[in-house]
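Report on one structure; see the data block that follows.
In what follows, chains are A, B, ... by sequence order, proteins preceding strands, each numbered from 1.
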Number of protein chains: 2
Amino acid sequence: MTHRTVGHPPGLPDDPRADVTAPTPECPVEITLAVLQGRWTTLVIRELLRGDRSYGELRAALPALSDKVLSDRLVQLTRTGVVERHRHPAWPPRVLYTLTPTGHSLGPVLQALWDWGARASGPDSATGPSRTPTRV
Amino acid sequence: MTHRTVGHPPGLPDDPRADVTAPTPECPVEITLAVLQGRWTTLVIRELLRGDRSYGELRAALPALSDKVLSDRLVQLTRTGVVERHRHPAWPPRVLYTLTPTGHSLGPVLQALWDWGARASGPDSATGPSRTPTRV
DNA sequence: CTGAATCCCTGCCGATACTG
DNA sequence: CAGTATCGGCAGGGATTCAG
């Protein structure tokens, strides 16, 4: 297939800004993937999409996640503007993690990832991805 | 925000299948991220979204991409059912790489990634991701 | 022209132990 | 309760070289 589907709206891959020839951090796709990158990252985001969570609640929801990595992920997500920390100066010390509006807007992105993965691994996926545990 | 937006269609994070507590390869989100994973992967897909390409054409389009990684990516994408190899028994030997229907259906996924990244890094992104070259 | 094989280096992730 | 410090294993990715 050398022709292009006609009439589709401007967007990838036709957007001229998509003409980068190397994986630059300025590419919007790379930006999003960088935010989502790292083991456990999407699961932490999913948990926070369900509502605010304390550190302990996150740990309880993801038991196999070590303190170090959870801490790393929360720092990472805070740096990228997806998550906000809210320290409550009470006793016992309680810290709430919440998604920023930007973080909430990741919902549709995760949905798109879910939809493709569900379809590609579905019952009639002759050409779908193999189940090779490639890991993310 | 402890309440949930009312009336939105069933989907992440409310889908019961999204209740995994560890990054399992069976999770549709992980499947998609695994397919997209790796430096240069999305750029190779983008190039093929624009049309069929030979090995040399891909190399020309992505000059900074080494043979090893290009080869690796093409194998990876072929294994995951996104790309197909078409060997032409002529001389000089020419091999065409094309996207499968599954591969083409990655278009909307990349678009979603693009849209979020563009918005989050846009002009009014007070809470957007920092430009820290986290790399993907 | 189209790749595969090798080498090395870097950075992620996990386990464990310790602090405000 | 909510993290940080340190260490080590392992896999990903780049450069180079060789083969069909």
Side-chain angles (χ1 to χ4, degrees), chain A residues 21-25 30 33-44 47-48 52-80 83-98 132-136, chain B residues 21-25 30 33-44 47-48 52-80 83-98 132-136:
Chain A
T21 61
T24 156
E30 304 276 346
L33 287 177
V35 166
L36 261 29
Q37 187 203 35
R39 204 156 141 87
W40 295 98
T41 302
T42 57
L43 288 179
V44 171
E47 202 54 33
L48 291 174
D52 302 352
R53 293 287 187 272
S54 70
Y55 187 90
E57 286 168 341
L58 288 173
R59 218 167 30 172
L62 306 168
L65 174 54
S66 75
D67 272 342
K68 175 188 186 299
V69 177
L70 175 54
S71 186
D72 284 353
R73 290 297 167 267
L74 290 172
V75 168
Q76 162 195 341
L77 290 170
T78 302
R79 278 194 303 101
T80 55
V83 163
E84 269 178 355
R85 290 183 61 175
H86 296 281
R87 211 165 281 155
H88 287 246
W91 196 262
R94 182 175 175 83
V95 181
L96 260 200
Y97 288 94
T98 83
T132 315
T134 331
R135 265 302 314 144
V136 60
Chain B
T21 62
T24 156
E30 304 276 347
L33 286 177
V35 166
L36 261 29
Q37 187 206 31
R39 203 154 141 88
W40 296 97
T41 303
T42 57
L43 287 179
V44 171
E47 203 53 34
L48 291 174
D52 302 352
R53 293 286 186 272
S54 70
Y55 188 89
E57 287 169 340
L58 288 173
R59 217 167 31 173
L62 306 168
L65 174 53
S66 76
D67 274 341
K68 175 190 184 293
V69 177
L70 175 53
S71 186
D72 284 352
R73 290 298 168 267
L74 290 171
V75 168
Q76 162 196 342
L77 290 170
T78 302
R79 278 195 303 101
T80 55
V83 163
E84 268 178 355
R85 291 183 59 176
H86 296 281
R87 212 167 276 148
H88 286 247
W91 196 262
R94 181 175 175 84
V95 182
L96 260 201
Y97 288 92
T98 82
T132 315
T134 331
R135 262 304 312 146
V136 60

Figure out the NE2/P separation between H88(A) and dG3(D), and round it to whole Å.
-> 12 Å

Which nucleotide in the set dT2(C), dG14(D), dA2(D) lies at the smallest distance from any side-chain heavy atom of V69(B)?
-> dG14(D)

From the candidates dA4(C), dG13(D), dC1(C), the one with an atom nearest any side-chain atom of R73(B) is dG13(D)

Is R94(B) paired with E57(B) through a side-chain N to carboxylate O contact shorter than 4.0 Å?
-> yes

Do you see a donor-acceptor pair shorter than 3.5 Å between the side chains of R79(A) and Q76(A)?
-> no

In whole angstrom, give the distance that lies between atom CG of D72(A) and atom P of dA5(D).
-> 11 Å

Give R87(A) one of three labels, base, sugar-phosphate or nothing, depending on what nucleic acid heavy atoms sit under 4.0 Å from its own.
-> nothing

Nearest-Å distance for atom pair CG/C1', residues L70(A) and dC1(D) = 13 Å

Check whether any side-chain nitrogen or oxygen of R39(A) sits under 4.0 Å from OP1 or OP2 of dC12(C), and answer yes or no.
-> no

Atom OG of S54(A) and atom NE2 of H86(A): how far apart are they, to the nearest 0.5 Å?
-> 13.5 Å

Does Y55(B) put a side-chain nitrogen or oxygen below 4.0 Å from OP1 or OP2 of dG20(D)?
-> no

Please state how far atom NE2 in H86(B) lies from atom P in dG3(C), giving the value in whole angstrom units.
-> 13 Å

Would you kindly give the CG-to-C1' distance between L58(A) and dG3(D), to the nearest whole Å?
-> 13 Å

Which of the following nucleotides, dA2(D), dG3(D), dA4(C), is nearest to the side chain of R85(A)?
-> dG3(D)

Could you state the CG-C1' distance from L33(A) to dC12(C), rounded to the nearest angstrom?
-> 17 Å

Of K68(B) and E57(B), the one whose closest DNA chain C nucleotide lies more 5' = E57(B)

Winner on side-chain proximity to S66(B), out of dC1(C), dA15(D), dG3(C), is dA15(D)

Could you give the OH-to-P distance, from Y97(A) to dA2(D), as a whole number of Å?
-> 8 Å

Using atom CG of L65(B) as one end and atom C1' of dA15(D) as the other, report the distance to the nearest whole Å.
-> 13 Å

Rounded to the nearest 0.5 Å, how far apart are CG of L43(B) and CG of L70(B)?
-> 11.5 Å

Against the side chain of W40(A), the closest entry in dG20(D), dA2(D), dG14(C) is dG14(C)

What is the nucleic acid contact for R59(A), judged by heavy atoms within less than 4.0 Å: base, sugar-phosphate only, or nothing?
-> nothing

Nearest-nucleotide 5' precedence on DNA chain C, S71(B) against D67(A) | S71(B)

About how many Å separate CG of L65(A) and CZ of R59(A), when rounded to the nearest 0.5 Å?
-> 9.5 Å

